[in-house]
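So the structure is just underneath, and the comments pick up after that.
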Amino acid sequence: MNTHPARSGDLAAPHPHGHRHGHAHAHAHAHGAHDGHGAATGHRQRLGRHGGAERRRLSQRPWWPWLRRSASLLFFGLVGWLLWRYARNIAWGEVMQSLRDLPRPALAAAVGLAVASHLLYACFDLIGRRYTRHTLRTGIVMAVTFVSYTFNLCIGSLVGGVGFRYRLYSRLGLKTGVITRIVSMSMLTNWLGYKLLAGFLFLVHPLALPPEWKMGNHGLQWAGAALIAVSLGYVLACWKMGDHVWHWRGHELYLPPWRMAVVQMTISCLNWSLMAGVIWVLLQRQLPYPDVLTVLLVGAIAGVVLHVPAGLGVFEAVFIALLGHRIGEPQLLAALLGYRAVYYIGPLMIAALLYLLMEARARKLKRRAHVGRPPSSQPQESAP
């Protein structure tokens, strides 16, 4: 097995030993040999030609353009409905009042940290570009990631983190298999850092629970140890067996090189830390930063488990339950509303405009993207 991920056909380069295999097959056919491997190869080639012809015939059907337009309208309608549902549940008057009541230096620091976090997350898909070796430009990749991440925060991962990536990347010329690997790598990056950071905090700096809970932190410490073990196990696996692809029941399993794994964990930990920094400065630093970070991590996983878009209500409830005995509830809610305004609502407005611009200029951006084959000098994965 070679040491680079597969391309699923659309980005495949010639096999580094293709000349030897080609010579062997030519020699076999010259002598009339029809072994199992040759028959299988010919069968796959016939299937590939047949599948390509079927796809071409499908796209030439008269109803195909209407089907594509209907799917686009359905996607836009779903996005609009989810945005309306999100906006309806926001107390806009309270949000604006909380922003007016915040000191200007704290608000400016929160905006700066939010911008830094969004820019950092926009780099996550660059790791996916390194993995899949597609050739979309850095600015375009970061724009797609920013749009999908912002909508993911506000209306959920299925439409935001996944739907927008598939929509925009496919419009820019990437195929479904490549997009799937990009999405998988981005999600893996995000949760790798989460596990390492949460494990460290739970183990080394367990949160002081409210006194009325009458329970210790031993459960959190055991959970922290387990999370750190998983994170270190991932890095160790990447060190020993990294940059390889395995195929299991039709699924592609990829372990990146250990250096890439370290980069994944580093930028993810930094991103989660920046998110907590936004809330910490909006609370005017009245609570220890590690405590705010710990509660943010707990609130994030609670929102995912309960499948609540943007964690509306769940996020605030977690903060009030874990920190309400240490700081006044009005001030805590004001900081959380400011956090939603700075980290969710403001970027959402920018992302919506950017998304419409990318939809309108998709063809031009696709031409500039130069989607094609990677350099043939880069070896690809051999057949297992």
Side-chain angles (χ1 to χ4, degrees), residues 113 116-117 120-121 123-128 130-131 149 152-153 157 161 181 183-210 213 215-246 248 251 253-280 287-307 311 314-315 318-319 321-323 326:
L113 290 170
S117 173
L120 182 61
Y121 193 95
C123 298
F124 279 25
D125 280 14
L126 296 178
I127 297 176
R130 170 67 178 82
Y131 165 36
Y149 176 57
N152 175 35
L153 289 173
S157 60
R181 292 195 290 273
V183 173
S184 301
M185 186 61 68
S186 181
M187 295 174 64
L188 177 63
T189 300
N190 183 58
W191 292 110
L192 280 173
Y194 179 95
K195 289 199 294 287
L196 182 62
L197 201 56
F200 177 79
L201 288 171
F202 293 167
L203 182 62
V204 177
H205 187 81
L207 184 69
L209 299 176
W213 284 29
M215 57 184 298
N217 287 316
H218 299 297
L220 280 178
Q221 290 179 316
W222 280 108
L227 290 173
I228 290 178
V230 170
S231 301
L232 295 180
Y234 175 77
V235 174
L236 180 62
C238 292
W239 178 46
K240 293 292 186 181
M241 301 175 290
D243 210 10
H244 281 72
V245 177
W246 290 269
W248 181 72
H251 298 283
L253 305 177
Y254 173 66
L255 275 179
W258 69 269
R259 291 182 180 85
M260 185 183 292
V262 172
V263 170
Q264 286 179 285
M265 288 189 174
T266 301
I267 64 174
S268 179
C269 287
L270 182 57
N271 183 59
W272 286 104
S273 302
L274 289 171
M275 292 170 66
V278 176
I279 301 176
W280 183 59
L287 293 173
Y289 171 76
D291 292 351
V292 177
L293 177 56
T294 301
V295 178
L296 169 79
L297 296 173
V298 174
I301 199 65
V304 171
V305 170
L306 296 176
H307 300 289
V314 177
F315 195 74
V318 170
F319 266 85
L322 296 177
L323 298 177
R326 300 169 60 182

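Keep in mind that the numbers below use all heavy atoms, side chains included, and drop hydrogens, waters and symmetry copies.
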| said: Whether the side chain of Ser268 engages the backbone of Thr189 through a donor-acceptor N/O pair (distance < 3.5 Å, no angle test) should be reported. | reply: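 Judged by distance alone, yes, a pair lies under 3.5 Å.
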Going from [atom1] on [X] to [atom2] on [Y], what distance comes out if it is rounded to the nearest 0.5 angstrom?
X      : Y      : atom1 : atom2 : answer
Leu274 : Leu293 : CG    : CG    : 10.5 Å
Cys269 : Lys195 : SG    : NZ    : 10.5 Å
Tyr234 : Met265 : OH    : CE    : 7.0 Å
Leu201 : Leu297 : CG    : CG    : 6.5 Å
Leu192 : Thr266 : CG    : OG1   : 10.5 Å
Leu296 : Phe319 : CG    : CZ    : 5.5 Å

| Partners passing ring-ring contact (aromatic ring centres under 6.0 Å, His included) against Tyr194 (at least two apart in sequence or in another chain) |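 Listed in chain order: Trp191, Trp272.
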| task | Name all residues meeting the ring-ring contact (aromatic ring centres under 6.0 Å, His included) criterion together with Tyr289; count only those two or more places apart in sequence or in a different chain, and write none if there are none. | result | Trp280
Any idea which heavy atoms bring [X] and [Y] closest together, and the distance?
X      : Y      : answer
Phe202 : Gln221 : O-CG, 3.4 Å
Ser273 : Leu197 : OG-CD2, 3.8 Å
His205 : Pro290 : CD2-CB, 3.6 Å
Leu196 : Ser231 : N-OG, 3.4 Å
Pro256 : Gln264 : CG-OE1, 3.6 Å
Val298 : Leu322 : CG1-CD1, 4.3 Å

| task | Count the heavy atoms belonging to other residues, nucleotides or ligands that lie under 6.0 Å from CE of Met260, then report whether that count exceeds 12. | result |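 Counting neighbours around CE of Met260, more than 12 heavy atoms of other residues, nucleotides or ligands fall under 6.0 Å, so yes.
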| request: Flag the pair Asn190 / Tyr121 as yes when at least one side-chain heavy-atom distance between them is below 4.5 Å, and no otherwise. | output: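 The answer is yes; the side chains approach within 4.5 Å.
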| Given side chains that start at C-beta, do those of Ile127 and Tyr131 come closer than 4.5 Å, heavy atoms only? |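 Ile127 does not reach Tyr131 side chain to side chain.
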| request: With sequence neighbours excluded, tell me which residues meet side-chain hydrogen bond (donor to acceptor under 3.5 Å, both in side chains) with Thr294. | output: none
